[in-house]
Amino acid sequence: QGCVVINILGQPLRIGAGVILLGLGEIVWEYYVLIGIDAPYPGIADVFFLGAYPVMFVGVLLLPQVRPRKWERVRLGLDVAAGTVAIVAIVWTSYLADAIALDPEAGGLGNMITVAYPIMDLGLLVMVLILSTRRSPYQFAGRLVFLAVAMLATAMADLIYVVEVGAGTYLDGSPLD
C-alpha cells in the first residue's frame with residue numbers, strides 16, 4: 001500500500017555501456033603500453049575512462065526501486081548524505097590529501113583530469129551506498145551485489161593507482177594494472 005515499483009527499462013544497458021567505456025579506455029591504454037610509448041595525458045583513454053562514470057551513475061540512479069514514502073525519502077537522503085560525508089572524509093584523509101599533486105607543466109586540462117578521477121571514484125563509492133540503502137525488489141539480488149562489489153573494486157584500484165603514481169611506485173603491467 002502506497003509503494004509502487006518504478007521500473008525503467010534500459011538501466012542495465014546504461015551500466016553495461018559504462019563498463020564498455022571502461023574497457024575501451026583500458027584497450028587504448030594497453031595499446032600504448034604494447035607499442036612501448038607513454039600514453040598521452042590527457043588522452044583518448046581518459047575520455048573513455050571519465051565518460052564511463054556518468055553513464056554508470058545514471059544507470060544506477062534509475063534502477064528499479066520501490067517508491068519511498070515521504071519520510072522514508074528524507075531518511076534515505078540523510079543516510080546517503082551522512083555516508084557520503086564519511087566516505088569523503090575517510091578517503092581524503094587516508095589517501096588523497098597527499099596523493100594528488102597538481103603539476104604546473106600539465107596545464108589546466110591535465111590538472112582537471114587528475115582531480116576528476118578521484119572525484120569520480122568517490123562518486124562510485126556513493127553509488128554503492130545508494131545501492132545498499134535503496135529499497136528495491138532486487139535489493140539483495142546477486143547481480144546488484146555483484147555490481148556493488150565491482151564498483152568497490154574499481155574505486156579501490158583507482159585510489160591505489162593514484163597513491164602509487166603519487167609515490168612514484170606505479171609500474172605498467174603490475175597486478176593493479
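The first residue of the sequence shown is numbered 1, and numbering continues consecutively from there. Here the structure is a predicted model, which means the values were calculated and not measured.
- Here the shortest heavy-atom pairing between A45 and W29 reads CB-N, 4.2 Å.
- By the 4.5 Å heavy-atom criterion applied to side chains, Y117 and M120 are not counted as neighbours.
- Minimum heavy-atom separation, V55 to A17: CG1-CB, 4.0 Å.
- V19 and M156 end up in the same hydrophobic cluster when Ile, Leu, Val, Met, Phe, Trp and Tyr side chains are linked at under 4.5 Å.
- In plain terms, the two heavy atoms of F48 and L21 that are nearest each other are CB-O, 3.3 Å.
- Between Y41 and I113, the closest heavy-atom pair is OH-CG2, 3.3 Å.
- Expressed to the nearest 0.5 Å, how far CE of M151 lies from OH of Y53 amounts to 10.5 Å.
- Residues F57 and V60 form no side-chain contact, since every pair of their non-hydrogen atoms from C-beta on lies 4.5 Å or further apart.
- Side chain of D46 to main chain of G43: a donor-acceptor pair is present (N/O by atom type, distance under 3.5 Å, no hydrogens or angles).
- Within the model, atoms CG of L125 and CD1 of I87 stand 5.5 Å from one another, a figure rounded to the nearest 0.5 Å.
- Separating the CD1 atom in I27 from the CD1 atom in I20 is a distance of 10.0 Å, to the nearest 0.5 Å.
- Interatomic distance, CG of L152 versus CG of L147, reported as 10.0 Å (0.5 Å rounding).
- Atom CD1 in I90 sits 11.0 Å away from atom CG in L122 (nearest 0.5 Å).
- Distance check: L24 CG to I44 CD1 gives 9.5 Å after rounding to the nearest 0.5 Å.
- Follow the hydrophobic side-chain contacts under 4.5 Å out from M56 and you reach L129 in the same cluster.
- Note on V28: it does not cluster hydrophobically with L34, by side-chain heavy-atom contacts below 4.5 Å among ILVMFWY residues.
- In terms of heavy-atom proximity, G110 sits nearest to P42 at CA-CD, 4.0 Å.
- Across all non-hydrogen atoms, the minimal contact from V128 to A148 is CG2-O, 3.6 Å.
- Within the 4.5 Å cutoff, the side chain of Y32 has no heavy atoms near those of the D38 side chain.
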